[in-house]
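Here the structure is laid out as structure tokens; the discussion comes afterwards.
Reminder, nothing fancy here: chain letters follow the sequence lines and each chain counts from 1.
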Protein chains: 2
Amino acid sequence: MSPIPHLPGGADAHRPRRGRPRSGGREAILAASLDILRERGASRLTTREVATRAGVSEGSVFYHFTDRTGLLTAVIEDSLTSLMDVNPAAQAEVAETLEALTAGMERFLDKVLIVVIAAQSDAELRTGMADFLRSNDFGPHRGVNGIAGYLRAQQRGGLVRADIDPEAVGAMLLGSIFLRVAMGQMVDPAYSDNVPDRGRVLKGLVQLITPPDGPRSGGPSGRR
Amino acid sequence: MSPIPHLPGGADAHRPRRGRPRSGGREAILAASLDILRERGASRLTTREVATRAGVSEGSVFYHFTDRTGLLTAVIEDSLTSLMDVNPAAQAEVAETLEALTAGMERFLDKVLIVVIAAQSDAELRTGMADFLRSNDFGPHRGVNGIAGYLRAQQRGGLVRADIDPEAVGAMLLGSIFLRVAMGQMVDPAYSDNVPDRGRVLKGLVQLITPPDGPRSGGPSGRR
DNA sequence: GTCTATAGGTTGATAGAC
DNA sequence: GTCTATCAACCTATAGAC
């Protein structure tokens, strides 16, 4: 199902490797960079402050990442890769499965949006990220297709209305989550409350896509 | 309906004003800034290149906008303000109205996303934009509420299922549009094709929110 | 309001010792 | 792999003439 080649870095931040154990300088630099990105934004990230926060010298930063662009590229690809394959097991109920599926997507978006935004600050970073996404067939469509695939399966089982467009529903569901996460991150955390949260959207959606008169039954009566 | 105070700048890029007619330097600077933002990103925008592209001296840039942050703030608020109140008239059919409504929103998002992203490159710009949005009660929730308000009205008329959550639907619909616009702008224009477009989402949605057996009829039979 | 010239301060990056 | 020391380039911002 997953056409992704084996990529460096899995769900873990620090993987074991051949060779001498790392002293942690590199990781400290990456972590400090992420912090600065969040607090000050990409334009205000200087190699000098990265070094200071990471507790290393500026020379170390360049030793590990060649240049500033290399550093930011590493930060971006690192974050993107970290959660590339999350796929929670399907639950018994449609509502529960969608809940688990979208909860994971929301957490993922919340984590990667910061670096996706950082990539927008520089055309070189942006095209680099675009290439990376293309190479790995990665991006939001993965989430949309994940939702759509699940819905399609349930359509065959009769738990979901047969006449819905799974991709359209997937785009709407993921879109609503993306919208909320983006508002929280691009304006301020409380701003996302101006828009329904995942729980409410999910509830409204399940109501829409569930057959009017229960699974599989073609009868005209029965409460909804 | 619109609690927005009168703001400078309407739908037009150049409004007439009291006082001496502008020589256009200011506008040229703003336009050049937008171009650079698109092509190179906020981190690569220098006052020097802005001046060169606008065909003015660097001194002029600082004369008009005080400093770099002031320039970017002006670019952001200018773009945000330019289309603050679009409200197409309701059409006869639900599908048509939603089409007109969301088409406007898509155009708007496509225009402002670039500056919203630029604001993320610098914490000072970000909080400035956040304050601006708050002061004007502006943001994506406006779009969500616009859709929700229309749906609620149609629920009373029986053209839309009475048991749906208008806000949830609004969030999903706007979210799916936002997702597509964001993919096109943050990765590359073609990348948004990985996800259903507005037309397809709209079609799928109308199917979901339209009463199973036509407007107003409460009868138990009828095909679904 | 616009220009030229220039100052002052950062910043990314390198060299070389340990 | 990490540090210190150092630079050259660049970029924001100001001063003052027109």
Review point. Below 4.0 angstrom, N of the basic side chain to O of the carboxylate: do B:Asp35 and B:Arg38 qualify?
Key: yes

**Study point:** Lys/Arg-Asp/Glu bridge criterion (N-O < 4.0 Å) met for B:Asp122, A:Arg40
**Key:** no

Review point. Can any side-chain N or O of B:Thr46 pair as donor or acceptor with the backbone N or O of B:Glu49 at less than 3.5 Å?
Key: yes

Study note, to complete from the structure: Protein-proximity profile, nucleotides 2-18 of chain C, B/S/- by nucleotide at the 4.0 Å heavy-atom cutoff, equals BBB------BBBB----

Check your understanding: Excluding sequence neighbours, so at least two apart, what forms side chain to side chain contact (heavy atoms under 4.5 Å, CB included) with A:Thr69?
Key -> A:Asp67, A:Thr73, A:Glu124, A:Leu125, B:Arg44

Check your understanding: B:Phe65 has an atom CZ; how far is it from atom C1' of D:dA13, in whole Å?
Key -> 16 Å

Check your understanding: Can a salt bridge be assigned to the pair B:Lys111 and B:Glu106 using a cut-off of 4.0 Å between side-chain N and carboxylate O?
Key -> no

